[in-house]
Amino acid sequence: MIHTTIKEIQKNILPVDEKSMQAAREHWMAIAKPLFSLGKLEETVIRIAGMKRSPEYELGKKGLVIMCADNGVVAEGVTQTGQEVTAVVADNFTKGKASTCLMAEVAGVDLFPVDIGMAVDVPSVTVPEYKIAYGAGNIAKEPAMTREEAWRAIEVGISIARELKRKGYGILLTGEMSIGNTTTSSALASVFLGEPVEMMTGRGAGLSSEGLERKTGVIRRAISLHQPNPSDPLDVLAKVGGLDIAGLCGVFLGGALEGIPVVVDGFISAVAALTAVRMVPTVSEYLLSSHISKEPAGQMLLEELGLSAMIDAQMSLGEGSGAVAMIPLLEMGLQVYRRMPTFEQAEIEQYEVLK
């Protein structure tokens, strides 16, 4: 496990390389096809060139980090299922039985489920050095975790990102399995964006109207009780967040430290990304957005992060499924970028940008 501070992280995250991005732009302009015709695929290839500090690159191995944790707030009736589901699905990740596993097979993505805070140990997943606690506290009555626990969870995420980079992973994807985490994510989003809880809170995995009303009430009470400080991201995370979100925050920080892109999945992942950006603004330069979450705050979070999603497929599964779905599209764009002949090579008159 690494031990570091925010100041050390800030010092070691470099801005992306503008020269590499400009070279990538110029190459796209020279490729024998209508200019800008691959839209966000072109933009994403250019941005990754800046992250990797080279206009000539491959994505490398692709790894999906799925942070698994439980939330005490489930006791308040804010979910349709009990927290025992977290452990079941986490175990299924290791057996290829979860939806995301099947999608990842197609996309060529390796899964890395992490027990950072499940209420029970799962032998196929649990690694003691990564486990911070047996579930987060019930934010309606107590802080989700201590400040120290929140930071330790962030350090786990950083460590995993760095370890995967050493193993040859050139792009990381983020996912989570944590019953009750749309409640904690909505609380974080409300505090960070300064918006009413009602605007930030959705039905999660299928709540009724009555359940949604109960959920928003719980979040309002939690924020009122703990008074999280929006200018102190770690305070907000510790008081009304979750261990899964803290771990993902660390993955975003770790990816930026290693100079590799990290793909934001949906609502929960975007909240974790915003937490990381509030800690170290330069992290935003290493983020890619996969899809638009169906949760009410999904688009607002992307706008706050300065991101534009590649996919709008009305997905709300979580588990990193949206991030996985983006990879084949990105690989297609990269293949055109790397292999398509230029106008000169194809002996075609070069297109011009017309006004």
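Just so you know, these numbers use all the heavy atoms, side chains as well, and skip hydrogens, waters and symmetry mates.
- In this structure, F93 has no ring-ring contact (aromatic ring centres under 6.0 Å, His included) partners at least two apart in sequence or on a different chain.
- In terms of heavy-atom proximity, L302 sits nearest to H291 at CD1-O, 4.1 Å.
- Identified under the salt bridge (charged side-chain N to carboxylate O under 4.0 Å, His left out) test for residues 279-291, with sequence neighbours left out: none.
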If you apply the rule side-chain hydrogen bond (donor to acceptor under 3.5 Å, both in side chains), what do you find for Y134 with D70, and how did you get there? CA-CA 8 Å; Y134 285 86; D70 282 304; over 6 Å; no
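- Counting only residues at least two apart or on different chains, the ring-ring contact (aromatic ring centres under 6.0 Å, His included) pairs with a member in residues 7-54 are H27-Y337, W28-Y337.
- Listed by chain and number, the residues in a side chain to side chain donor-acceptor pair (under 3.5 Å) with T174 are S269 (sequence neighbours excluded).
- Annotation: side chain to side chain donor-acceptor pair (under 3.5 Å) contacts of T126 (sequence neighbours excluded): D115.
- Inspection of the T182 and K215 side chains reveals an N or O donor paired with an N or O acceptor under 3.5 Å.
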Anything under 3.5 Å between a donor and an acceptor, one on a side chain of residues 247-261, the other on a protein residue two or more places apart or in another chain? List them.
residue : atom : partner : partner atom : Å
E258    : OE2  : R162    : NE           : 2.9

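- Under the salt bridge (charged side-chain N to carboxylate O under 4.0 Å, His left out) criterion, the residue pairs touching residues 265-278 are R278-E304, with sequence neighbours excluded.
- With contacts defined as side-chain heavy-atom distances shorter than 4.5 Å, the pair I223/S190 qualifies.
- The ring-ring contact (aromatic ring centres under 6.0 Å, His included) search around F343 returns Y351, not counting sequence neighbours.
- A ring-ring contact (aromatic ring centres under 6.0 Å, His included) check over residues 158-194, counting only residues at least two apart or in different chains, returns the pairs F112-Y169.
- Residues that satisfy the side chain to side chain donor-acceptor pair (under 3.5 Å) test with T100, not counting sequence neighbours, are E319.
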Per-pair distances, 0.1 Å, donor-acceptor, side chain in residues 228-238, under 3.5 Å, sequence neighbours excluded:
residue : atom : partner : partner atom : Å
N229    : OD1  : S231    : N            : 3.1
N229    : OD1  : S231    : OG           : 2.8
N229    : ND2  : S231    : OG           : 3.2
D232    : OD1  : R147    : NH2          : 3.3
D232    : OD1  : L234    : N            : 3.4
D232    : OD1  : D235    : N            : 3.4
D232    : OD2  : R147    : NH1          : 3.0
D232    : OD2  : R147    : NH2          : 3.3
D235    : OD1  : K239    : NZ           : 3.1
D235    : OD2  : N229    : N            : 2.8
D235    : OD2  : K239    : NZ           : 3.3

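- With sequence neighbours excluded, the residues satisfying side chain to side chain donor-acceptor pair (under 3.5 Å) with R338 are E58.
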